[in-house]
Asker: 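Supplied in structure tokens, the structure appears directly below.
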Amino acid sequence: MNVLLKCKTFLKKIANGLFFRRMWSFFDIFLNFVRLIMRGLSVSPAEMHIKILLYMKRLLLSILALSCALSAMAEKYEITTKNTTLLLETSVGRRVEFVYYGPKVNNQDEIYSTSSQIRWNAYPCFGINCTCEHALAVTHANGDVSLQLATYDVKQYTDPDGGRVWEFLLKDRVFPFYVKQFYKAYDDCDVIKTWTELSHTEKKVVVLNKFASAYIPVKSGDLYLSYLAGGWSAEAQLFEEPILRGRKTIGNHDGARTSFNGNPSFMVSLDGPARENTGNVLGGTLSYTGNYDLSFVKDGNANHLEIVAGINAELSQYYLEPKEVFTTPEFVFTYSTEGKGGVSRNLHRWGRNYQILGGTDTRDILLNSWEGVYFKVNQEAMNTMMQGFAEIGGELFVMDDGWFGDKYPRDNGETSLGDWVVCKKKLPEGIGALIDEAERNNMKFGIWIEPEMTNTKSELYEKHPDWVLRQPDREPAKGRGGTQLVLDMCNPAVQDHVFKVVDDLMQANPRIYYMKWDANMSIANASSLYLPKDRQSHLYIEYHRGLMDVCRRIRAKYPDLVIQLCASGGGRLNYGFFPYFNECWSSDNTDAVQRLYIQHGMSHFYPANIMASHVSASPNHQTGRVVPIKFRFDVAMTGRLGMEMKPSALSEKERAFAKRAIETYKSIRPVVQQGDLYRLMSPYDKKPYVSLMYVTPEKDRAVYFLFRRHFIKDEWEEPRKMEGLDPDRNYLVRELNAENPDKKLPIEGKVVSGRFLMQNGLRLNLGKDLSSVVLELIAQ
Ligand code: DGJ
């Protein structure tokens, strides 16, 4: 422990009064001793001798007790944010203990006096006295499978981004195996990150069998879990259930696209079924692009829930060389007394301000060519779309799949991935001519790529058949089109290739403003021809290390290129990607009614500005549902607005509406993209309505959305109450996106207090199927 820390500990002991109590007992003993000598005159020498010996013994025992008490006394580490306290305890030679996490506590004693302390190992290791869940399990070279960590130092400092870091340095009591446990607190958004660094100086490799990022114990209560799960075209469906006994795992083995079946994010409500704006809720998300495992374990006797979050170690045993440092992914967590909504707002603020690349930038309104023409890309089709979109106010045009392949033109999903040269047959004038056309229309230009992949029918595969993930002695399993394969991102030559896909495009066309980075296949062949035979279990981890290295190289050279994260839709929705990606394609399902569910789920953990939300054709290509243009726009305007159709498919009336809606979105996007979200009515409620609103942090502007999914003459004609406004301010109410701008709702232009809007609400009953209302509230 450094000198500073020793002094601090000493001073705290003085402040705690323990020092004075110990000093007094010494003084007391000394006084008794003197009294004894004084009285000694009246006692026999033999008696006096015995008494002196007895007092000497007491003195020695007392010294011993004192030193034990001093070394056993744990130092308290209070990791605070604006509204939360995380309390840990440790001292040299002891484990780190997780004592409390919850609403901010001004007087630590209250935690102990109310029995609110958990006092549990903050990073339990397998092997010794650890029958609970463990965060770390290793096998040393001599076969010993145990670890027992003890603190030898604690450091504290502030990072350049303003986050305050606590670093607990731990060492095994026997082996030279080291763990650094980090906690980093972001004050303004009540978010704390935790992760570890594992290393050793043992003579031989140590095998990591489990290596979680975090272990969070939660005091028992009426606990409920909220999490996301789903599949292609049904991403981010919300599930909520009580946490009873046993184990629940949110995990993934996909390898490449880990957010289809689940998402490494969750909320735990501590006092009954989660509510939107009240109640104690802990939320967390693992910032990792690869396979993950989030376990929630409640044993019969346990008085707390154990949450263990980290890389999915199954089939990923890691061989840690001496002096190598293994860094676990960051686990990001927050706590709110304002329900799930509070947790979402904290994570959104943290995401925008600290994690998402360009998280505070305004996002453009784009048209993506996919659902308009699919693979039938050509100059004329692109030009027509660009012109049509420019006419209604579009800002950015993105050419999706189908533009590349020289020897093998990309006419369907069966060929050409890897051959990132323009298909001359389709685009004889090249990308430059497309960018010229975009610029003639005052728009920016973007392009689709899928750089981690190839097809067996491609020039790349013909040249480098060993670059794909596959077993040496088996025919590889193929993906899309029966020909797709995943490139081996563990291989540095492949990493260079993937970097060059972006670099070559940017070198040749520096005016490319945006890229859509797709990934349409899972790791179906779990084997690398690059990794040594005895390191195949590193595949899932090395793939993502390789991918992240490439992302870092791209960002070092092209920091301003806007890149969308896509994996057959929202298959890669994860904070681990966002230091390099600006936004995410939410789903290939563009049906506006379905999007109410998908976007509602996403919004629990991810902010609106990453949520690509596009207006598509009607009837919808995925569901066949006919949805009015207003409803489609209103839903898309709750995220990052875009379009996914031929503008020429719009009727005159629809075109006029689209133009007005795009203009409107430009004026409200700072509120939607950067504001605080309040979910008002969930699509999962058995009611026909869905509602949400965004409010600026200053509470001077808000945008309110109400959707009626279907019409039932029912009892649900309730007042529409709002949230998040300033009760003491008056707001001018304006209807936006009215179907007929000359015939607005009666509330148009009225001034209503924030208090009334939140306590009483507005009577806004929509009479038709698939009808919607958007209101803007401007503080007066
Ligand atoms: C899957 C994506 O989610 C779609 O938007 C589109 O880009 C296709 N891939 C193209 O192949």
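Both ligands and their constituent atoms are indexed starting at 1 by order of listing. On a predicted model such as this, the values are computed, not experimentally measured, just so you know.
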Asker: Tell me if the centroids of the rings in F375 and W370 come within less than 6.0 Å of each other.
Answerer: yes

Asker: Of all the heavy atoms in E450, does at least one lie under 4.0 Å from an atom in ligand 1?
Answerer: no

Asker: Looking at G569, which atoms of ligand 1 are within less than 4.0 Å of one of its heavy atoms?
Answerer: 3 (O)

Asker: Indicate yes or no: does an N/O atom of W370 lie under 3.5 Å from an N/O atom of ligand 1?
Answerer: no

Asker: Can you list the atoms of ligand 1 that are under 4.0 Å from a heavy atom of N520?
Answerer: 1 (C), 9 (N)

Asker: For the pair D769 and R708, find out whether any cationic side-chain nitrogen is under 4.0 Å from an anionic carboxylate oxygen.
Answerer: no

Asker: How does A567 reach ligand 1, by side chain, by backbone, by both or by neither, if only non-hydrogen atoms under 4.0 Å count?
Answerer: neither

Asker: Measuring from the heavy atoms of E644, does anything fall under 4.0 Å of ligand 1?
Answerer: no

Asker: Would one find an N or O of R410, backbone or side chain, under 3.5 Å from an N or O of ligand 1?
Answerer: no

Asker: Tell me whether F375 has any N or O atom under 3.5 angstrom from an N or O of ligand 1.
Answerer: no

Asker: For D549, is there an ion pair with R552 - N to carboxylate O distance below 4.0 angstrom?
Answerer: yes

Asker: What part of K516 sits under 4.0 Å from ligand 1 if we count only heavy atoms: the side chain, the backbone, both or neither?
Answerer: side chain

Asker: Do D466 and D488 come close enough that some side-chain heavy atom pair is under 4.5 Å?
Answerer: no

Asker: Quick check: N368 and ligand 1, any N/O pair under 3.5 Å apart?
Answerer: no

Asker: Whether K666 and E663 form a salt bridge (side-chain N of Lys/Arg under 4.0 Å from carboxylate O of Asp/Glu) is what I want to check.
Answerer: no

Asker: Look at the side chain of N455 and the backbone N and O of L417, then say whether any donor-acceptor pair between them is shorter than 3.5 Å.
Answerer: yes

Asker: Have a look at Y575 and tell me which of Y580, F581, F605, W350 forms a ring pair (Phe, Tyr, Trp, His ring centres under 6.0 Å) with it.
Answerer: W350

Asker: With heavy atoms of W585 as the reference, note each atom of ligand 1 found under 4.0 Å away.
Answerer: 3 (O), 5 (O)

Asker: Parallel, tilted or perpendicular for H253 and Y540, by the 30°/60° rule?
Answerer: parallel

